[in-house]
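Below: the structure, in C-alpha cells.
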Amino acid sequence: MSRLLSSIDRLIVALLGIVALLGGAWSIGLFFNEPHSQRLADRINNQLWLSAYDQDWFVLAALAVVIVSIFAATAIITANLRRHRISRVVSDASTAQGLIAYNVNQIARAVAETLDDPFTHINSVSHRVWVDRGRPTMELTIHAQGTVDVAGLIPAIEQAESDIRSAVGDLDLDTVFRIHLARLD
C-alpha cells in the first residue's frame, strides 16, 4: 500500500469515526436531555427536510450524490484491492538481443526452503514478494520454537541475504527477515 493510499484510508476512517462519535454523543445527549443537544435539535428545521423531496432540485441533487458516491467507492475499493505482488522481473541487463527475466517469488521460495532445512526448531518459513510503499520488498518470516539457536540463525540469515543479492543482481530489492519465536513452556 502506498503512503498516499494509506493516508487517504486513514483520513476516511478518521472522518467517519468522528461523525459516528458526534452522532452517538448527540443522541446520548438527547436521551439524557442535555441542553446543548436539545438546542442543536431545536435548530433543525423539520419542515425544510420534510418538504425537500417535493422540490424540483431534490431528485437531481440525490442523483448527483449517488453517482459521485458510486465513483468514489469504486475508486477506493479498486485502489485497496489492487494486487501489490511481484512475480516476474526484467533485468536492467536485458538488451535488444535478449530479455533477461526471473521470478523473484521462486527465489524467495528457495531461500525459505534453505532457511528451513538445517534447523530442527524452525516450524516454518513463509515468504512474500510485494511492493511496500513504492519499494519492491522480499519478506521472509521465520516461525520458530523458543528454543531455536538464534546465534546460529543469524549467520544463516546473513548467508541468505548474500544469496539473494547474488541471485537478483542489479534489481533494487529490499529484504526483510522477521523471526517469530513461540513462547517457552
Side-chain angles (χ1 to χ4, degrees), residues 1-31 34 36-94 99-112 124-143 164 167-180:
M1 180 177 291
S2 70
R3 288 185 182 168
L4 176 64
L5 182 60
S6 64
S7 298
I8 290 171
D9 283 350
R10 288 183 184 126
L11 179 68
I12 290 171
V13 168
L15 290 176
L16 290 176
I18 289 169
V19 167
L21 284 173
L22 290 176
W26 181 50
S27 64
I28 290 171
L30 286 174
F31 180 77
E34 200 276 325
H36 293 93
S37 298
Q38 293 296 333
R39 271 184 284 194
L40 183 61
D42 291 341
R43 287 187 181 175
I44 296 174
N45 186 350
N46 289 332
Q47 289 302 323
L48 178 66
W49 287 104
L50 293 174
S51 65
Y53 68 91
D54 291 332
Q55 303 296 322
D56 294 335
W57 55 265
F58 183 77
V59 173
L60 293 175
L63 187 62
V65 167
V66 167
I67 290 172
V68 168
S69 297
I70 288 172
F71 281 121
T74 303
I76 290 169
I77 290 169
T78 303
N80 281 295
L81 293 181
R82 188 177 65 224
R83 190 178 154 109
H84 296 283
R85 302 280 177 155
I86 301 171
S87 58
R88 186 170 178 252
V89 177
V90 177
S91 173
D92 291 338
S94 299
L99 181 73
I100 301 171
Y102 40 87
N103 189 332
V104 183
N105 198 33
Q106 293 292 338
I107 295 170
R109 180 177 294 130
V111 171
S124 66
V125 179
S126 60
H127 66 280
R128 71 177 176 164
V129 182
W130 57 308
V131 177
D132 182 26
R133 301 187 188 281
R135 298 280 306 149
T137 305
M138 179 186 296
E139 181 180 281
L140 294 147
T141 305
I142 302 167
H143 303 276
I164 291 169
V168 298
D170 58 349
L171 179 65
D172 185 22
L173 178 73
D174 294 341
T175 52
V176 177
F177 291 90
R178 299 180 189 272
I179 302 173
H180 292 201

Closest contact, heavy atoms only, [X] versus [Y]:
X      : Y      : answer
Thr78  : Thr74  : OG1-O, 2.7 Å
Asn103 : Asn105 : OD1-N, 2.9 Å
Leu140 : Ala108 : CD2-O, 3.6 Å
Tyr102 : Val168 : OH-O, 2.8 Å
Ser37  : Ala25  : OG-O, 4.4 Å
Ala41  : Leu30  : CB-CD2, 3.8 Å

Does some side-chain heavy atom of Val111 sit less than 4.5 Å from a side-chain heavy atom of His127?
->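 With C-beta onward as the side chain, the pair stays apart.
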Are Asp132 and Glu139 side-chain neighbours, meaning at least one heavy-atom pair lies under 4.5 Å?
->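 In short, these two side chains do not touch, never coming nearer than 4.5 Å.
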Distance in Å, [X] [atom1] paired with [Y] [atom2], rounded so as to fall on 0.5 Å steps:
X      : Y      : atom1 : atom2 : result
Phe58  : Leu60  : CZ    : CG    : 11.0 Å
Leu173 : Ile164 : CG    : CD1   : 7.5 Å
Leu21  : Leu16  : CG    : CG    : 11.0 Å

Using the test side-chain contact (heavy atoms from CB on, under 4.5 Å), find all partners of Ile67 that sit at least two apart in sequence or belong to another chain.
->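 Ile67 satisfies side-chain contact (heavy atoms from CB on, under 4.5 Å) with Leu63, Phe71 only.
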For Arg43, what residues pass the side-chain contact (heavy atoms from CB on, under 4.5 Å) criterion, not counting sequence neighbours?
->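 So Arg43 forms no side-chain contact (heavy atoms from CB on, under 4.5 Å) with any residue.
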In this structure, are over 12 heavy atoms from other groups packed under 6.0 Å from Arg135 atom CZ?
->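 Yes, enclosed.
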Could you tell me which residues satisfy side chain to side chain donor-acceptor pair (under 3.5 Å) with Thr175, sequence neighbours excluded, listed by chain and number?
->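 Residues passing side chain to side chain donor-acceptor pair (under 3.5 Å) with Thr175: Glu161.
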Main-chain N/O of His36 paired with Glu34 side-chain donor or acceptor, under 3.5 Å |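 Side chain of Glu34 to backbone of His36: a pair is present.
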